[in-house]
Chemist: 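Sending over a structure as structure tokens; questions will come in a sec.
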Amino acid sequence: MLDVVIIGSGPAGITAAIYAKRANLNVAVVEKEYLGTGQIAESSRVDNYPGIPGIDGYSLGEKFREHAESLGVEFTEAQVLSLGQKDGIWIIGCDEDITLESKAVIYATGCKNRPLGVPGEEKYYGRGLSFCAVCDGAFYKGKRVAVIGGGDTALDDAIYLSDICEKVYLVHRREFFRGSASTLEKLKQKENVEIIVNVRVEEITGDKKIDGIILDNKTKLNISGLFAAVGMIPQTELLKEFGVLDESNYVKASEDTKTTVNGLFVAGDVRTKQLRQVVTAAADGANAIYSVMEYLRNI
Ligand code: NAP
């Protein structure tokens with residue numbers, strides 16, 4: 001019997017695993033696939049994690065993972081298909097015929113990319129439409145691309161692509177950017193970046209591959225790569241029956257990471273919170289283990 005199963009191996013899950021090992025808990029981490037420690041792996045540059053400015057997201061993720069592995073944390077690659085409680089014990093049903101039993105669960109599954117919402121976009125996945133500039137940017141060397149969005153991901157992607165591509169359009173539906181002011185300033189200094197605000201993408205054009213986008217002000221941008229960076233959707237399908245989700249499907253919990261269900265804790269981007277960053281995800285992981293230990297003492 002495990003003390004705690006951590007579902008997800010992003011910065012929140014890994015930090016929880018590190019704290020669990022150091023607290024001598026019997027812990028297992030289940031991850032759907034090893035992608036380099038969650039979504040942060042897609043960031044070209046992380047400048048706000050203390051102590052290692054300028055590191056790329058993949059390398060930061062690898063450092064987290066190496067740290068966890070050095071403490072003996074074991075990772076199970078499997079998709080969790082069901083989550084339930086029987087006589088106070090959590091049963092975590094996974095594919096590959098794996099079933100885990102645990103006294104507590106930390107749910108740290110993160111978020112996935114939100115689609116653009118432009119009709120027919122699925123046709124262009126992998127044919128010019130990408131959600132990851134770091135992964136796919138090199139395919140557009142010397143070409144014209146557009147990034148859609150106004151958050152940190154869009155700004156970071158546009159900066160990254162400006163060093164590879166001939167021209168980068170940053171297209172945002174409002175005038176105000178959610179992303180950091182300092183990154184926006186850097187972007188404005190780039191000669192090959194054009195920022196277009198107050199417009200939405202109406203149509204993606206092309207045959208087998210993207211050749212352009214038409215905006216709702218009826219201008220056409222001729223591009224061969226389109227990078228969607230329009231936010232995240234929390235991966236909380238497994239928790240739908242537990243009554244712990246808010247109206248946007250994030251898991252309701254405060255900083256102590258306790259949900260209203262006994263033995264169920266939530267950490268990282270899937271939790272209701274003000275700021276979704278690596279540093280806040282890591283903090284959640286630490287808090288989750290503190291709360292799990294309190295829970296284990298009481299049962
Ligand atoms: P985000 O902050 O939610 O921003 C999403 C952007 O997409 C918003 O500007 C939004 O516009 C726009 N948008 C949403 N739906 C759209 C649609 N259908 N069509 C056009 N535009 C649409 O998402 P994110 O940039 O992926 O960031 C997620 C979290 O990760 C944030 O907390 C962010 O700070 C963090 N992050 C941090 C770093 C870093 O620190 N280096 C890097 C990446 C991400 P509106 O503004 O009009 O709503």
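Each ligand, and each atom within it, is numbered from 1 in the order the structure gives.
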Chemist: Please lay out, stage by stage, how Phe242 and Tyr107 fare under the test ring-ring contact (aromatic ring centres under 6.0 Å, His included).
Modeler: CA-CA 13 Å; Phe242 289 90; Tyr107 196 86; 8.9 Å; no
Chemist: Out of Arg276, Arg173, Glu175, whose heavy atom sits nearest atom 31 (C) of ligand 1?
Modeler: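 Minimum heavy-atom distance to atom 31 (C) of ligand 1 goes to Arg276.
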Chemist: If the cut-off is 4.0 Å to any non-hydrogen atom of Arg174, which atoms of ligand 1 fall inside it?
Modeler: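 So the answer, numbered in order with elements, is 45 (P), 46 (O), 47 (O).
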Chemist: Hey, is ligand 1 close enough to Phe176 that some N/O pair sits below 3.5 Å?
Modeler: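 No; the residue has no nitrogen or oxygen that sits under 3.5 Å from a nitrogen or oxygen of the ligand.
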Chemist: Taking all atoms of both residues into account, what is the closest heavy-atom pair of Cys165 and Asn192, and its distance?
Modeler: O-ND2, 3.1 Å
Chemist: Flag the pair Lys220 and Asp211 as a salt bridge only when some basic side-chain nitrogen lies within less than 4.0 angstrom of an acidic carboxylate oxygen.
Modeler: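 Counted as a salt bridge, because a side-chain N and a carboxylate O are separated by less than 4.0 Å.
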Chemist: Tell me, please: is Met232 in heavy-atom contact with ligand 1, that is, under 4.0 Å?
Modeler: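 Yes; Met232 lies near enough to ligand 1 that a heavy-atom distance drops under 4.0 Å.
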Chemist: Give the residue, atom name and distance (to 0.1 Å) of the protein heavy atom nearest atom 18 (N) of ligand 1.
Modeler: Leu116 O, 3.2 Å
Chemist: Could you tell me whether Glu202 and Lys218 make a salt bridge, using a distance below 4.0 angstrom between a side-chain N and a carboxylate O?
Modeler: yes
Chemist: In terms of side-chain heavy atoms, does Asn48 have a donor or acceptor partner in Gln277 at a distance below 3.5 Å?
Modeler: yes
Chemist: How about Lys63: does its NZ atom have over 12 heavy atoms from other parts shown lying under 6.0 Å from it?
Modeler: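 For Lys63, atom NZ is not crowded (no more than 12 foreign heavy atoms under 6.0 Å).
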Chemist: Applying the ring pair (Phe, Tyr, Trp, His ring centres under 6.0 Å) test to Phe227, which of Phe131, Tyr160, Tyr140 qualifies?
Modeler: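 Testing each of Phe131, Tyr160, Tyr140 against Phe227, the sole residue satisfying ring pair (Phe, Tyr, Trp, His ring centres under 6.0 Å) is Tyr140.
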Chemist: Determine, considering heavy atoms only, which of Ile40, Val230, Val201, Val278 sits nearest to atom 15 (N) of ligand 1.
Modeler: Val230
Chemist: Which atom names give the shortest non-hydrogen contact between Lys103 and Trp90, and what distance separates them?
Modeler: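 Minimum heavy-atom separation between Lys103 and Trp90: O-CD1, 3.5 Å.
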Chemist: For atom 37 (C) of ligand 1, what's the nearest protein heavy atom and its distance?
Modeler: Gln277 NE2, 3.4 Å
Chemist: Heavy-atom contacts with Asn48 under 4.0 Å: which atoms of ligand 1 show up? List them by number with element.
Modeler: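 Listed by number with element: 39 (C), 40 (O).
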Chemist: Show the atoms of ligand 1 that are less than 4.0 angstrom away from any heavy atom in His172.
Modeler: 9 (O), 11 (O), 45 (P), 46 (O), 47 (O)
Chemist: Among protein heavy atoms, which sits nearest to atom 36 (N) of ligand 1, and what does the distance come to when rounded to 0.1 Å?
Modeler: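 Of every protein heavy atom, Asp152 CB, 3.7 Å lies nearest to atom 36 (N) of ligand 1.
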Chemist: Which of the numbered atoms in ligand 1 are below 4.0 angstrom from a heavy atom of Gly150?
Modeler: 6 (C), 7 (O), 8 (C), 9 (O)
Chemist: List the closest protein heavy-atom neighbour of atom 24 (P) of ligand 1: residue, atom name, distance to the nearest 0.1 Å.
Modeler: Thr153 OG1, 3.2 Å
Chemist: With heavy atoms of Arg178 as the reference, note each atom of ligand 1 found under 4.0 Å away.
Modeler: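 Taking each heavy atom of Arg178 in turn, ligand 1 has 2 (O), 4 (O), 8 (C), 9 (O), 45 (P), 46 (O), 48 (O) under 4.0 Å.
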Chemist: Strictly under 4.0 Å, does any heavy atom of Ala229 approach an atom of ligand 1?
Modeler: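 Yes, Ala229 has a heavy atom closer than 4.0 Å to ligand 1.
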Chemist: Please confirm whether Gln39 comes under 4.0 Å of ligand 1, counting heavy atoms of the residue only.
Modeler: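 For ligand 1, residue contact (heavy atoms, under 4.0 Å) with Gln39 is absent.
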Chemist: With no hydrogens and no angle check, just 3.5 Å: does a side-chain donor-acceptor pair link Thr109 and Gln235?
Modeler: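 The criterion, which ignores hydrogens and geometry beyond distance, is not satisfied for Gln235 and Thr109.
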Chemist: Taking distance alone, with no angle check, do Arg200 and ligand 1 share an N/O pair under 3.5 Å?
Modeler: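 Looking only at distances, the answer is no, because the N/O contact criterion of under 3.5 Å is not met.
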Chemist: State the CZ-CD1 distance between Arg45 and Ile159, to the nearest 0.5 angstrom.
Modeler: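 So the CZ of Arg45 and the CD1 of Ile159 are separated by 8.5 Å.
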Chemist: Considering the options Ile14, Val27, Val73, which one meets the side-chain contact (heavy atoms from CB on, under 4.5 Å) requirement together with Ile6?
Modeler: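 When side-chain contact (heavy atoms from CB on, under 4.5 Å) is applied between Ile6 and each of Ile14, Val27, Val73, only Val27 qualifies.
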Chemist: Going by distance only, is there an N or O of Asp47 that falls short of 3.5 Å from an N or O of ligand 1?
Modeler: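 No; every N/O pair is 3.5 Å or more apart.
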Chemist: Near Gly231, which atoms of ligand 1 are under 4.0 Å from a heavy atom of that residue?
Modeler: 3 (O), 5 (C), 23 (O), 26 (O)
Chemist: Answer with yes or no whether the hydrophobic clustering places Val5 together with Ile89; edges join I, L, V, M, F, W, Y residues whose side-chain heavy atoms lie under 4.5 Å apart.
Modeler: no
Chemist: What atoms of ligand 1 come within less than 4.0 Å of a heavy atom belonging to Asp156?
Modeler: 41 (N), 42 (C)
